[in-house]
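Predicted, not measured: the structure shown is a model, and the values here were computed from it. Numbering of ligands and ligand atoms starts at 1, following listing order. Starting from 1, each residue takes its place in the sequence as its number.
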Amino acid sequence: MPEPLRSYVAGEWRAGTATLEDVNPARPSEVVAEVQAADAAVAEEAITAARAAFPAWRDTPAPARGEILRRAADLLEARAEEVGRDLAREEGKTLAEAIGETRRAVAILRYYAGQTLEPDGETYPSASRSTFLYARREPVGVVLAITPWNFPIAIPAWKLAPALAYGNCVVWKPAELVPLTAVHFTRAFADAGLPAGVLGVVLGRSSDVGATLLAGPVEAVTFTGSNEVGRRLQLEAIARGAKVQLELGGKNPAVVLADADLDLAAEQVARGAFLSAGQKCTATSRVIVERAVLEPLAERLVEHARGWRLGDPLDPRTVVGPLASAAQLERVAGYLDGARRDGGTALAGGGPAAIDGGYYMQPTVLAGLGPESAVVREEVFGPVAALLPADSYADAVDAANDTPFGLSAAVFTRDLGRALRFAKDVRAGVVKVNQESAGLELHVPFGGTKASSSGSREQGKAAREFFTEWKTVYVD
Ligand code: NAD
């Protein structure tokens, strides 16, 4: 058992008041780490330290900030196997997924290190002969970053790396389920020489530290998580005048048209629905299929669902690990009970799997449900795909858009014209043609429409919009 995990405030690891257990969802009797949880006083200190560190960090030349990010990337890369293993042990995704996610965080750090060498403003012609007119991007100040457990290092990386690269200080509250990954990520910054206070990390229960963090003097709040929590925090932050960015839930459709390559479609839908046990905001959960190919598509999808090996995330043969917590298992099982009550049938899976007492859910394919069933309308966040028949292209698009969410959408077709029309017709922030709805590249904008997001986009150069603000200068 490693040393108890602690918060990181003003460049020091801080003891906490309560002790929490970080358990392995594949074998809940195994305690991965103990956490000395922060209280409100530690949360307040983290903000105070960030405020104190801000002027010097803002004035540090951007390329020097980039150098620190680059060093953090190198350290994290050297530790990727160890970090990935711990991530898999506390979150439940497979070792390959966890190491891949850690390497993604490395790439994100390098990308934003590179951005510190890019132009930070532009010059304009002035109406006056003697005026030199320019505008440049400056950091917003102290940013509060609140992150979920499902991508415990990639999501923090795509918030922290741009925030720091552009000269902000950050107070980060990781999700309670994944404190060990958070400590690994923090260590990479600390060991890379990030000055004290520039990054504060508060490991604690949201019920103990959330209100203090939200009430604190921060200029911006970037949040990824559930709609319920995000909306509440948005109201509090806006009331205090802070800038807010939310990345929330999804209910992502995959539309399979009659001319699609069905082998490809079934494989990509299965990946989108079942990898990471379906716990991705961009996971495929509604499979809208033209009637002519409903049966052959369903057969292929069921074959994938039944054939994918469920098991310990550290076993290299495992394709799908457990859900992240007992609460997640209960939630997903509840949706499946509801589906049965609504007259649905499980063509594959349909309930938990008994393996080592872990929180396993079988990859599940549902059929026979109407658009009003909760499992079709609400975000399930588990390995569950609901098949919905469509009578035509227009019917399929209507079904795809029949949701309050608008994060990601996929279409499978060999007709390029149809594919491009779908990309225009569907209301989603990300559209994939002949690819699963999940899976993102790091240098392009990411975010959703409708209830899936609020505020400007994350990732790539788009992140600059949130983490900086314009200053316009007239020089005579
Ligand atoms: P959650 O909303 O329960 O928690 C998210 C974070 O908010 C956690 O760190 C949690 O501790 C914190 N939090 C909760 N209450 C708080 C409070 N009162 N004050 C301050 N902080 C508080 O979400 P989750 O269960 O961790 O993650 C799953 C959700 O995240 C899903 O809905 C999923 O769709 C969403 N998600 C969205 C994206 C995206 O980019 N759109 C990406 C990944 C996950």
Side-chain angles (χ1 to χ4, degrees), residues 20 35 37-38 40 43 46-47 90-93 101 144-159 171-179 181-182 201-216 218 221-237 242 244-252 276-285 323-332 378-382 403-408 428-430 437-440 442 445-459 462-463:
L20 308 177
V35 184
I47 296 181
E90 70 178 356
E91 199 271 350
K93 66 181 62 177
E101 189 188 326
L144 172 60
I146 301 180
T147 54
W149 45 262
N150 66 327
F151 283 102
I153 196 157
I155 290 176
W158 79 53
K159 294 184 187 299
V171 175
W172 172 32
K173 200 211 80 61
E176 285 97 314
L177 288 179
V178 286
T181 306
V201 183
V202 179
L203 298 183
R205 287 179 291 225
S206 55
S207 53
D208 294 335
V209 298
T212 306
L213 291 172
L214 261 296
V218 301
V221 179
T222 175
F223 172 90
T224 298
S226 64
N227 283 62
E228 188 202 349
V229 174
R231 288 285 176 230
R232 215 162 3 100
L233 301 196
Q234 182 180 33
L235 287 177
E236 287 178 39
V244 186
Q245 177 182 60
L246 304 178
E247 291 299 342
L248 305 171
K251 190 67 193 171
N252 310 296
S276 298
Q279 299 171 119
K280 295 180 183 175
C281 53
T282 49
T284 304
S285 63
L323 298 179
S325 66
Q328 267 291 105
L329 185 64
E330 197 180 320
R331 173 191 157 103
V332 178
E378 297 170 17
E379 183 177 53
V380 174
F381 231 51
T403 169
F405 297 105
L407 195 55
S408 178
V430 177
S437 64
L440 305 168
L442 63 91
F446 170 61
T449 58
K450 301 200 278 184
S452 289
S453 295
S454 181
S456 52
R457 293 287 189 257
E458 300 199 273
Q459 305 222 47

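- Cation-pi check for Lys173 over Phe223 is not met; the charged atom does not lie both under 6.0 angstrom from the ring centroid and within 45 degrees of its normal.
- The aromatic rings of Phe381 and Trp149 stand perpendicular to each other, their planes meeting at an angle above 60°, with 30° marking the opposite boundary.
- Side chains of Glu458 and Trp158: a donor-acceptor N/O pair is present below 3.5 angstrom, by distance only.
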Determine all donor-acceptor pairs shorter than 3.5 Å in which one atom belongs to a side chain in residues 201-211; sequence neighbours excluded.
| unit_1 | atom_1 | unit_2 | atom_2 | d |
| --- | --- | --- | --- | --- |
| Arg205 | NE | Asp208 | OD2 | 2.9 |
| Arg205 | NH2 | Asp208 | OD2 | 3.2 |
| Ser206 | OG | Glu176 | OE2 | 3.3 |

What are the atom names and distances for all N or O pairs under 3.5 Å between ligand 1 and the protein?
| unit_1 | atom_1 | unit_2 | atom_2 | d |
| --- | --- | --- | --- | --- |
| ligand 1 | 2 (O) | Ser226 | N | 2.8 |
| ligand 1 | 2 (O) | Ser226 | OG | 2.6 |
| ligand 1 | 9 (O) | Thr147 | O | 2.7 |
| ligand 1 | 9 (O) | Lys173 | NZ | 3.2 |
| ligand 1 | 11 (O) | Lys173 | NZ | 2.9 |
| ligand 1 | 11 (O) | Glu176 | OE1 | 2.5 |
| ligand 1 | 23 (O) | Ser226 | N | 3.4 |
| ligand 1 | 25 (O) | Trp149 | NE1 | 3.0 |
| ligand 1 | 26 (O) | Trp149 | NE1 | 3.3 |
| ligand 1 | 30 (O) | Gly225 | O | 3.3 |
| ligand 1 | 32 (O) | Glu379 | OE1 | 2.6 |
| ligand 1 | 34 (O) | Glu379 | OE1 | 3.1 |
| ligand 1 | 34 (O) | Glu379 | OE2 | 2.6 |
| ligand 1 | 41 (N) | Leu248 | N | 3.3 |
| ligand 1 | 41 (N) | Leu248 | O | 2.6 |

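- No side-chain donor-acceptor contact under 3.5 Å links Lys280 and Ser437.
- For the 3.5 Å distance criterion, the side chains of Ser285 and Glu379 fail to qualify, holding no donor opposite an acceptor.
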